[in-house]
Amino acid sequence: MEKHCMESQVKGVSTGTTILAAIFDGGVVIGSDSRASIGGQPVTIGGSGSTFIYGYVDAKYKPNMTKEECLQFATNALALAMGRDNVSGGVVNLVVITETGVEHVVVPGDKLPRFHDE
């Protein structure tokens, strides 16, 4: 008997945001701007805002960061991208994944570090 699926479960995926993932000693921090649509290496970046932060990531990423260092690194990188990319923006969403669980950290736009006049 042949089955036909009449209803698609596949949703469209919109890109054009900034995402970042970096490991720290004991876990990983994954972050994005609030327009994020999708979610190996010690650090991975992608999306339209990533072109603005390759230099920052290359200069500032270091292995074996603490959780706090990694959260600040991710927040800084995303804030820099959001300041330059017209399709990234809003708030920073960070997810910390460790053996003990998952933590969601939200940094509102007015609490983000500023690196230049906007």
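Computed from heavy atoms alone, side chains included, the values below leave out hydrogens, waters and symmetry copies. None of these values were measured; they are calculated from a predicted model.
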Engineer: If we only count heavy atoms from C-beta on, is the Val96 to Val102 side-chain gap below 4.5 Å?
Structural biologist: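 Counting from C-beta outward, Val96 and Val102 never come under 4.5 Å.
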
Engineer: Please report the shortest heavy-atom distance between Val29 and Ala74, naming the atom on each side.
Structural biologist: CG1-CB, 4.0 Å

Engineer: Do the ring planes of Tyr56 and Phe115 sit parallel (below 30°), tilted (30 to 60°) or perpendicular (above 60°)?
Structural biologist: tilted

Engineer: Which one of Leu78, Leu20, Ile30 satisfies the side chain to side chain contact (heavy atoms under 4.5 Å, CB included) criterion with Leu94?
Structural biologist: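 It is Leu78, the one option of Leu78, Leu20, Ile30 that forms the side chain to side chain contact (heavy atoms under 4.5 Å, CB included) with Leu94.
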
Engineer: Is it true that a side-chain atom of Ser88 and a backbone atom of Asp85 form a donor plus acceptor pair closer than 3.5 Å?
Structural biologist: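 Side chain of Ser88 to backbone of Asp85: no pair is present.
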
Engineer: Locate the shortest heavy-atom distance separating Cys70 from Phe24; write the atom from each residue and the value.
Structural biologist: CB-CB, 3.7 Å

Engineer: Mind checking the CG-CD spacing from Asn76 to Gln72? Nearest 0.5 Å is all I need.
Structural biologist: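 Going from CG on Asn76 over to CD on Gln72, the span is 4.5 Å.
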
Engineer: Which heavy-atom pair separates Pro113 from Ala79 by the least distance, and what is that distance?
Structural biologist: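 Where Pro113 meets Ala79 most closely, the heavy atoms are O-CB, 3.7 Å.
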
Engineer: Taking the side chain as every heavy atom from C-beta outward, state whether Val57 and Val43 have any pair of such atoms under 4.5 Å apart.
Structural biologist: yes

Engineer: Evaluate the criterion salt bridge (Lys or Arg N to Asp or Glu O under 4.0 Å) for residue pair Glu69 and Lys60; output intermediate values, then yes/no.
Structural biologist: CA-CA 10 Å; Glu69 289 172 325; Lys60 298 295 184 179; over 6 Å; no

Engineer: May I have the step-by-step check of side chain to side chain contact (heavy atoms under 4.5 Å, CB included) for Thr75 and Leu112, ending in yes or no?
Structural biologist: CA-CA 7 Å; Thr75 299; Leu112 291 172; 4.0 Å; yes

Engineer: Is the shortest heavy-atom distance from the side chain of Glu103 to the side chain of Val95 under 4.5 Å?
Structural biologist: no

Engineer: Go through the steps for Asn64 and Ile23 under the test side chain to side chain contact (heavy atoms under 4.5 Å, CB included), then give the verdict.
Structural biologist: CA-CA 8 Å; Asn64 302 315; Ile23 61 170; over 6 Å; no

Engineer: State, with a plain yes or no, whether a side-chain heavy atom of Lys111 is found less than 4.5 Å away from one of Val91.
Structural biologist: no

